[in-house]
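Below: the structure, in structure tokens.
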Amino acid sequence: MNQAATSKRKKMGLLLFLTVLQCAISSVNTYSVSNPNVVLLIADDLGIGDLGCYGNRTLRTPHIDRLAKEGVTLTQHIAASPLCTPSRAAFLTGRYPIRSGMAAFSRVGVFLFSASSGGLPSEEITFSKLLKQRGYATALIGKWHLGMNCESNNDFCHHPLSHGFDYFYGLTVTNLRDCKPGQGSVFLKGVQMYLVILIQILGVTAVSLAVVHYVSFFKVPFEALGFCLLITCISLAVLIFFFYHFRHLNCFLMRDHQIIQQPLSYENLTQRLTTEAVRFIERNHNAPFLLVLSYLHVHTALYASKMFRGKSRHGLYGDAVEEMDWSVGMLILGQILDVLENYNLSNRSLVYFSSDQGAHIEEISSSGEVHGGCNGIYKGGKSTNWEGGIRVPGLLRWPGVIHAGTYIDDPTSNMDIFPTIVKLAGAQLPYDRIIDGHDLMPLLQGKVIRSKHEFLFHYCNAYLNAVRWHPRNRRGSSRFYRTKEVKFIVKRRQSRKDLLKSTILKQLLVLTGIAFYVRWN
């Protein structure tokens with residue numbers, strides 16, 4: 001009987017020990033997923049087919065591939081827009097850009113000038129604002145592209161520091177060919193056709209007036225000839241001034257509210273961005289931090305430091321991709337990993353890598369070199385809602401919390417990052433607005449096997465192009481439906497004959513108007 005009592009006490013003791021152990025493990029797991037450090041790495045115009053972990057065999061991206069090996073790979077990760085400005089607005093707010101007013105009704109869907117008065121509205125709630133309220137140190141390093149000022153050149157109402165970031169080092173607009181001498185001009189391509197037509201109209205008008213005045217068909221006041229000549233000269237002067245001063249006025253590097261380099265220099269720029277990121281983490285290792293490193297790679301104008309220039313098999317574009325991979329290695333898997341290990345932060349840091357949209361496959365330099373990337377098997381690229389324009393890399397790494405080497409084939413969105421990190425930080429999601437993203441943690445940890453996205457809507461600027469449907473009761477690929485009623489008109493490219501006819505018609509209309517004006521006055 002004593003033996004039975006002793007055996008029972010042992011069993012009870014073992015049960016008590018296991019219960020205490022389970023509680024301890026549960027408390028450790030709860031702590032490990034609370035208030036993590038968050039590092040978000042965003043490439044610019046990087047194609048899903050540019051990375052080894054998504055099938056590329058000719059570009060060397062070992063550090064980004066290691067992120068995939070040690071974390072989760074999202075195979076259907078979708079950007080909310082195929083353009084920079086609206087996609088980044090959706091990423092920061094967790095909402096479709098049309099909800100925040102960041103979807104344009106015009107053809108140009110992004111901000112091009114630092115003097116633009118538009119930007120991400122102050123009423124929008126970004127994940128940086130919510131994490132800052134929870135005691136996080138927050139920083140944005142690199143590209144912003146969501147506006148700067150409202151009514152004056154120093155109110156900074158759209159600046160990153162007005163949207164929850166404590167520290168900013170980078171560009172408020174974007175990287176453009178016009179910012180780098182010898183790389184051509186984005187604007188010249190856009191205006192040259194209209195410029196030629198304008199000069200033709202004004203020139204033909206002036207010559208025609210001079211001829212009819214000379215043959216005495218009717219008397220033309222010299223003021224009219226002078227006015228045409230003046231308008232022509234002013235137009236040319238404004239254009240020359242714009243292109244001559246654009247680089248100085250629009251391409252500059254800022255630290256917080258101060259311009260520290262004007263015009264922007266590309267020399268060792270990626271190294272400078274990486275160094276700033278390292279220093280930020282070192283300064284804030286005692287508290288949870290949010291770091292958004294928004295690369296300028298691989299948006300044109302392309303650039304690469306001497307260490308990487310000419311080393312890849314894909315020209316300057318490949319050099320830029322491989323330099324960005326080096327930066328990821330230095331930041332997450334190299335120099336900063338040592339920092340995280342030294343401060344016991346490695347297992348308390350969530351890392352996310354993606355691109356704001358697909359590669360711009362039509363980019364050709366002035367010398368004829370291909371400056372666009374690869375979207376793998378997917379059709380289309382940047383600025384289109386074909387799959388190549390919106391399907392982007394999606395990699396997440398969090399040792400001890402996310403299972404390494406996992407693949408998730410269900411649809412996810414870059415808008416999902418907002419609710420994911422807000423909940424991890426212990427903040428409340430806004431209740432006064434619709435949040436289109438969904439928390440990824442249950443999916444990443446295998447607690448659920450299906451994404452919450454039954455529908456994803458694809459807009460071209462403010463116009464709905466297509467809907468992706470992922471039925472809840474079915475596993476496998478999604479269905480993709482394009483809208484049949486297109487609410488905007490895509491004009492076909494005019495042939496030279498059409499353009500000539502149009503130009504002549506405009507010139508005749510101008511001459512007729514002037515003739516009637518002179519005749520009746």
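Keep in mind the model is a prediction, meaning the values are calculated, not measured.
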Side-chain donor-acceptor pair present, Glu363, Thr300, cut-off under 3.5 Å: yes

Side chain to side chain, Asn385 and Pro82, heavy atoms closer than 4.5 Å: yes

Separation of Asn37 CG from Asn284 CG (nearest 0.5 Å): 9.5 Å

What do the steps show when you test His257 against Phe168 for ring pair (Phe, Tyr, Trp, His ring centres under 6.0 Å), and what is the final call? CA-CA 8 Å; His257 291 149; Phe168 172 64; 9.1 Å; no

Heavy-atom check, side chain of Ile390 versus side chain of Arg468, under 4.5 Å: yes

Are Trp398 and Met441 side-chain neighbours, meaning at least one heavy-atom pair lies under 4.5 Å? yes

I'd like to know if the side chain of Tyr96 and the backbone of Phe457 have a donor-acceptor N/O pair within less than 3.5 Å. yes

Start with the C-alpha distance between His145 and Val110, add both sets of side-chain angles, then the distance that settles side-chain contact (heavy atoms from CB on, under 4.5 Å), and finish with yes or no. CA-CA 8 Å; His145 210 183; Val110 299; 3.9 Å; yes

Starting at CG of Leu40, measure out to CG of Leu291 and round the result to the nearest 0.5 Å. 7.5 Å

Hey, are the side chains of Lys143 and Cys84 touching, using non-hydrogen atoms and a 4.5 Å cut-off? yes

With rounding to the nearest 0.5 angstrom, report the CG to CE distance, Leu171 to Met148. 10.5 Å

Going by the angle between their ring planes, with limits at 30° and 60°, are Trp469 and Phe455 parallel, tilted or perpendicular? parallel

Pick out which of Gln357, His371, His360 makes a side chain to side chain donor-acceptor pair (under 3.5 Å) with Asp45. Gln357

Partner set under ring-ring contact (aromatic ring centres under 6.0 Å, His included) for Phe127, not counting sequence neighbours: Phe91

Does any N or O in the side chain of His285 come within less than 3.5 Å of the main-chain N or O of Glu282, such that one atom is a donor and the other an acceptor? yes

Distance check, rounded to the nearest 0.5 Å: Met102 atom CE versus Leu92 atom CG? 9.5 Å

Can you list the residues that meet the salt bridge (Lys or Arg N to Asp or Glu O under 4.0 Å) rule with Arg99, with sequence neighbours excluded? Asp436

Measure the spacing between CG of Leu46 and CG of Asn375 and express it to the nearest 0.5 Å. 9.0 Å

If you compare all heavy atoms of Leu51 against all heavy atoms of Phe353, which two are closest, and at what distance to 0.1 Å? CD1-CE2, 4.0 Å

Leu131 side chain near Phe289 side chain, heavy-atom distance below 4.5 Å: no

Distance alone, cut at 3.5 Å: any donor-acceptor contact between the side chains of Asn56 and Thr58? yes

Between Asp256 and Gln258, is there a donor-acceptor pair closer than 3.5 Å when you use the side chain of the first and the backbone of the second? no

Apply side-chain contact (heavy atoms from CB on, under 4.5 Å) to Leu350 and Leu396, showing your working. CA-CA 7 Å; Leu350 171 66; Leu396 294 106; 4.2 Å; yes

What I want to check is whether the side chains of Asn465 and His458 have a donor and an acceptor closer together than 3.5 Å. no

Rounding to 0.5 Å, atoms OG1 (Thr138) and CG (Leu161) come to a distance of 8.5 Å

With no hydrogens and no angle check, is any side-chain donor or acceptor of Gln76 less than 3.5 Å from a backbone partner on Asp410? no

Just say parallel, tilted or perpendicular for the rings of Phe156 and His159, cut-offs at 30° and 60°. perpendicular

Distance-only donor-acceptor check, side chains Thr274 and Ser327, under 3.5 Å: yes

Under 3.5 Å donor-acceptor, Asn461 side chain and Phe105 backbone: no

Can you confirm if the NZ or CZ of Arg391 lies within 45° of the ring axis of Tyr54 and under 6.0 Å from the centre of its six-membered ring? no

Full working for side chain to side chain donor-acceptor pair (under 3.5 Å) between Asn268 and Ser305: CA-CA 5 Å; Asn268 297 323; Ser305 62; 4.7 Å; no

I need the minimum non-hydrogen distance between Phe165 and Ser128, along with the two atoms involved. CE1-OG, 3.5 Å

Going by atom types alone, do Tyr303 and Thr270 pair a side-chain donor with an acceptor below 3.5 Å? yes

Nearest heavy-atom contact between Pro36 and Leu424 is CD-O, 3.6 Å

Are the aromatic ring centres of His438 and His453 under 6.0 angstrom apart? yes

Check ion pair Glu323-Lys311 (N to O, under 4.0 angstrom): no

Taking all atoms of both residues into account, what is the closest heavy-atom pair of Ser354 and His77, and its distance? OG-CD2, 3.6 Å

Counting N and O atoms only, with roles assigned by atom type, does the side chain of Thr75 sit under 3.5 Å from a partner on the main chain of Ile408, one being a donor and the other an acceptor? yes

Does the ring centre of His158 sit less than 6.0 Å away from the ring centre of Phe111? no

Backbone of Leu440 reached by a side-chain donor or acceptor of Thr420 within 3.5 Å: yes

Kindly indicate whether the side chain of Ile78, heavy atoms from C-beta on, has any atom under 4.5 Å from the side chain of Glu387. yes

Side chain to side chain, Leu296 and Leu273, heavy atoms closer than 4.5 Å: yes

So which heavy atom on Ser87 is nearest to which on Asp356, and how close? OG-O, 2.6 Å

Heavy-atom check, side chain of Ser114 versus side chain of Leu249, under 4.5 Å: no

Please report the shortest heavy-atom distance between Lys129 and Glu124, naming the atom on each side. NZ-O, 3.0 Å

Backbone N/O of Ala139 and side chain of Asp166: donor-acceptor pair under 3.5 Å: no

Begin with the C-alpha distance, continue with both residues' side-chain angles, and end with the deciding distance and a verdict on side-chain contact (heavy atoms from CB on, under 4.5 Å) for Gln271 and Trp326. CA-CA 10 Å; Gln271 285 91 327; Trp326 164 86; 3.6 Å; yes

Under 3.5 Å, is there a donor-acceptor pair between the side chain of Asn250 and the main chain of Leu112? yes

Determine yes or no for a side-chain-to-main-chain donor-acceptor pair under 3.5 angstrom, with Arg247 supplying the side chain and Cys179 the backbone. yes

Yes or no on side-chain contact (heavy atoms from CB on, under 4.5 Å) for His63 and Arg66, after CA distance, side-chain angles and deciding distance? CA-CA 5 Å; His63 300 107; Arg66 186 179 163 190; 5.5 Å; no

